[in-house]
Amino acid sequence: MTEATNFIEQIINDELSTGKVNAVQTRFPPEPNGYLHIGHAKSLCINFGMKDKYNGKCNLFLDDTNPSKEKEEFVEAIKKDIEWLGFEWDKITYASDYYDDIYAFAEKEIMLGNAFVCDMTPEEISKNRGTLTEAGKESPYRNRTVEENLKLFREMRDGKYADGSKCLRVKIDMASPNINMRDPVIYRILREHHYRAGDKWCIYPMYDFAHPICDYMQGVTHSICTLEFEDHRPLYDWVGITLGFNPKPRQIEFARLNVTNLVMSKRYLKKLVEDGSVDGWDDPRMPTLTGLRNRGVPAEALKDFCARIGVAKANSEVQISYLEACIREYLNIHAERAMAVLKPLKVTITNYEGSEELDFDINPNDENKPTRKITFSKNIYIDADDFSLCPPPKYHRLKIDGVVRLKNAYIIKCDEVIYNEDGTAKELLCSYYPDSKSGSDTSGIKAKGVIQWVNAEDAVDIKIRKYGYLLKDEEYSGQDFSERMNKESVTEFNGKVEPYFMTADENKAFQFLRTGYFKKLTIKSGEIASEIVSLKDNFNK
RNA sequence: AGGGGUGUCGCCAAGCGGUAAGGCACUGGAUUUUGAUUCCAGCAUUCGUAAGUUCGAAUCUUGCCACCCCUGCCA
């Protein structure tokens with residue numbers, strides 16, 4: 001037993017110490033009807049976290065009991081996303097793999113006298129369910145004999161009845177204050193092709209019946225789900241008890257993740273993909289795991305985020321700045337550095353001839369202090385925003401007659417500005433101080449600012465896209481699918497970067513460019529950074 | 001209205017009868033060849049609220065208030 005860090009672990013610890021359970025097994029149970037999003041990451045971390053913490057097991061369980069919504073494409077995407085996060089499931093299981101077992105358990109409920117075939121229409125059932133304050137009415141078919149129920153149920157299975165004309169219900173209590181216990185439907189007739197089971201079945205089990213059975217069949221000890229299933233727990237337990245499950249899995253509920261400004265409704269995300277509002281589930285603006293990955297969010301940062309927000313039962317909404325902090329923290333430690341200018345401004349070092357190779361720290365946080373060579377010459381570019389014609393107070397970067405340090409190189413002084421017709425700076429003529437070289441500066445000159453630069457001759461053109469997130473409207477209610485994309489924040493920049501960027505692992509190099517965390521990561525120095533990025537600026541608007 | 005939940009700093013969140021952890025955010029200040037990072041300091045006399053029990057309560061009891069979920073043959 002290990003120290004508990006949240007209420008779920010406390011429960012498990014208690015059960016372990018009292019001997020109620022002696023091993024832990026969980027499952028991550030998505031329905032393959034869409035892509036995983038950041039909310040699933042929390043569930044993933046909790047479920048696989050238990051596996052790691054208690055040296056237990058965790059299956060990837062695809063809860064596919066509704067053939068009209070599920071697709072193979074989604075299970076492949078789900079697997080890929082989980083792998084990306086670095087979790088390893090013990091087994092992949094599907095509710096559809098247990099259809100025979102679930103069917104057998106349904107017959108068992110019938111034989112136990114616990115279930116009956118009901119001929120009422122969905123409308124009638126709904127009408128007879130009662131209300132929150134009034135008890136429901138019992139179905140007139142509730143007292144059919146076991147033999148008749150069995151015969152009817154088998155005929156349902158064999159396709160004798162039309163979709164919706166009959167269903168299998170369980171006999172609990174139509175007067176229960178918990179509406180889920182008012183003789184819930186556990187099997188329905190549905191002639192729909194199942195992406196895995198094909199056309200073998202024309203009846204499908206409902207979640208409330210299938211889930212406890214699948215958990216039990218897999219040996220799940222703790223079935224962790226979200227808060228809205230709390231009301232279903234009595235039914236979950238009822239199924240386990242009537243069917244004699246031993247040991248019976250225990251359902252534990254936690255509060256789902258909400259992040260300020262992020263749309264997390266699968267239904268809405270699906271709509272955006274289908275109507276072309278985004279390029280797909282993997283569009284960087286999407287809060288899906290694949291979208292986040294394309295945005296450049298490291299898997300480790302996402303897991304760190306999930307670990308840090310904790311697990312509890314209080315409905316909450318985490319500020320996106322927390323997620324950003326986790327990403328920044330990870331990237332600051334791991335991201336390889338390079339210099340880039342997003343708005344190139346030509347600079348000529350008038351008193352410099354030839355070229356030389358300078359050492360550049362790839363990652364100052366790396367103990368091994370890896371470096372690489374960059375070329376310095378007479379012609380370079382700096383960022384237009386690192387130069388100011390009318391600098392505000394405390395402006396530390398380049399201005400006329402002012403000095404600034406070119407990162408990893410020399411201190412330069414701006415002697416002259418060549419203007420465009422509109423009065424903006426077109427080119428700067430600067431002089432450098434030969435004895436101010438980084439690492440061996442004996443010039444005694446104090447340059448308060450340090451700016452990035454790229455060598456004109458070998459700089460590479462880049463185009464950077466900065467993405468906002470899909471934003472939530474104040475009025476967002478889930479019904480209105482009007483334009484809600486934060487399109488303004490999809491901005492393109494044309495700039496230049498050191499050739500290093502392009503020759504190295506491009507994907508990794510652009511990781512932090514794509515994230516939009518320049519400011520804290522220092523791809524660019526100076527104010528331009530804040531002007532360019534920090535995703536949070538997009539949210540504060 | 002019936003049932004099920006939840007209320008601790010702007011946002012998460014520990015705490016489980018012995019006198020309010022931590023993180024994010026924010027505010028000062030120091031270091032810094034990334035105005036980043038790092039660093040140090042500050043940030044709930046109070047735990048939805050009102051009573052009660054107790055030497056002692058965020059923790060126990062009771063009443064009240066607020067918010068979330070539930071009337072699919074979705075999950």
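Chain letters run A, B, ... following the sequence lines, proteins first, then strands; residues in each count from 1.
Taking the C1' atoms as reference points, B/rU8 lies 30 Å from B/rG2, given to the whole Å. Comparing the C1' positions of B/rC12 and B/rA21 gives an interatomic distance of 14 Å, to the nearest angstrom. For B/rU54 and B/rC43, the P atoms lie 36 Å apart once the distance is rounded to whole Å. Taking atom P in both B/rA14 and B/rU27, one finds a spacing of 27 Å when rounded to whole Å. Spacing of C1' atoms, B/rG17 relative to B/rC60, comes out at 8 Å, to the nearest Å.
For B/rU49, the paired base is B/rG63 (Watson-Crick or G-U wobble, both distances below 3.5 Å).
Atom CD1 of A/Ile252 is separated from atom CD1 of A/Ile8 by 5.5 Å, given to the nearest 0.5 angstrom.
The residue A/Met181 sits apart from the nucleic acid: no heavy atom pair falls under 4.0 Å. At the heavy-atom level, A/Pro364 lies under 4.0 Å from base atoms of the strands shown. Residue A/Thr65 is in sugar-phosphate contact alone, with no base atom involved, counting any heavy-atom pair closer than 4.0 Å across all strands shown. Nucleic acid contact class of A/Gly439 (heavy atoms, under 4.0 Å, all strands): base. When heavy atoms are screened at a 4.0 angstrom cut-off, A/Leu132 is found touching base atoms of the nucleic acid. Using a 4.0 Å heavy-atom criterion, one finds that A/Lys266 contacts no nucleic acid atom at all. Nucleic acid contact for A/Asn408: base, since at least one base atom lies under 4.0 Å from a heavy atom of the residue. Nucleic acid contact class of A/His232 (heavy atoms, under 4.0 Å, all strands): base. Using a 4.0 Å heavy-atom criterion, one finds that A/Lys394 contacts the bases of the nucleic acid, with or without backbone contacts as well. At a threshold of 4.0 angstrom between heavy atoms, the contacts of A/Thr131 include nucleobase atoms, whether or not backbone atoms are also involved. Nucleic acid contact for A/Ser126: sugar-phosphate only, since backbone atoms but no base atoms lie under 4.0 Å from a heavy atom of the residue.
You'll find that the side chain of A/Gln319 is closest to B/rG10, out of B/rG35, B/rG10, B/rA1. Proximity note for A/Tyr207 (side chain, C-beta onward) versus B/rA75, B/rC11, B/rU37: the nearest is B/rA75. Taking the side chain of A/Asp63 as heavy atoms from C-beta on, and the options B/rC16, B/rA75, B/rU37, the nearest nucleotide is B/rA75. With distances taken from any side-chain atom of A/Pro177 to the nucleotides B/rG3, B/rC73, B/rG15, the minimum falls on B/rG3. The side chain of A/Lys407 lies closest to B/rU33, out of B/rG7, B/rU33, B/rG2. Counting only heavy atoms from C-beta on, A/Ala312 has its side chain closest to B/rA14 among B/rA14, B/rC70, B/rC24. Comparing B/rU33, B/rC24, B/rG72 by their closest approach to the side chain of A/Asp441 singles out B/rU33. The nucleotide whose nearest atom lies closest to any side-chain atom of A/Pro122 is, among B/rC73, B/rC12, B/rA25, B/rC73. Of the candidates B/rU33, B/rC68, B/rA14, the closest approach to any side-chain atom of A/Asn315 belongs to B/rC68. The side chain of A/Val318 lies closest to B/rC12 when the candidates are B/rC12, B/rC24, B/rA75.
For B/rG4, its base never sits under 3.5 Å from the side chain of A/Arg233 at any donor and acceptor pair. Checked by distance alone, A/Arg405 brings a side-chain donor or acceptor within 3.5 Å of a matching partner on the base of B/rU33. Contact annotation: side chain of A/Asp231 to base of B/rG3, donor-acceptor pair present below 3.5 Å. Side-chain N/O atoms of A/Glu134 and base N/O atoms of B/rG2 include no donor-acceptor pair closer than 3.5 Å.
Proximity of the aromatic rings of A/Tyr195 and A/Phe74 is defined here by a centroid distance below 6.0 angstrom, and this criterion is not met. For A/His232 and A/Tyr236, the distance between ring centers is not under 6.0 angstrom.
In this structure, A/Gln10 does not reach the B/rA14 phosphate: none of its side-chain N or O atoms is under 4.0 Å from OP1 or OP2. OP1 or OP2 of B/rG72 lies within a sub-4.0 Å distance of a side-chain N or O belonging to A/Arg129.
For the pair A/Asn258 CG and B/rC67 P, the interatomic distance rounds to 17 Å; values are reported in whole Å. The NZ atom of A/Lys303 sits 23 Å away from the P atom of B/rG23 (whole-angstrom rounding). Computed from coordinates, the A/Phe209 CZ to B/rA75 P distance equals 13 Å when rounded to whole Å. Atoms CG (A/Leu323) and P (B/rC11) sit 18 Å apart, rounded to a whole Å. If you measure from atom OH of A/Tyr204 to atom P of B/rG72, you get 23 Å, rounded to the nearest angstrom. What separates CG of A/Asn33 from P of B/rG72 is a distance of 20 Å, to the nearest Å. In this structure, the CE atom of A/Met174 is 15 Å from the C1' atom of B/rG3, given to the nearest Å. Note: CD1 (A/Ile125) to C1' (B/rG72) measures 11 Å, nearest angstrom.
Salt-bridge formation is not detected for the pair A/Asp383/A/Arg397: no Lys NZ or Arg NE/NH1/NH2 atom is positioned less than 4.0 Å from an Asp or Glu carboxylate oxygen.
The glycosidic torsion of B/rG29 lies more than 90° away from 0, placing the base in the anti range.
Each of A/Glu230 and A/Met120 has a nearest nucleotide on RNA chain B; the 5'-most of these lies closest to A/Glu230. Residues A/Lys437 and A/Cys118 each lie close to RNA chain B; by heavy-atom proximity, the contact nearer the 5' end of the strand is made by A/Lys437.
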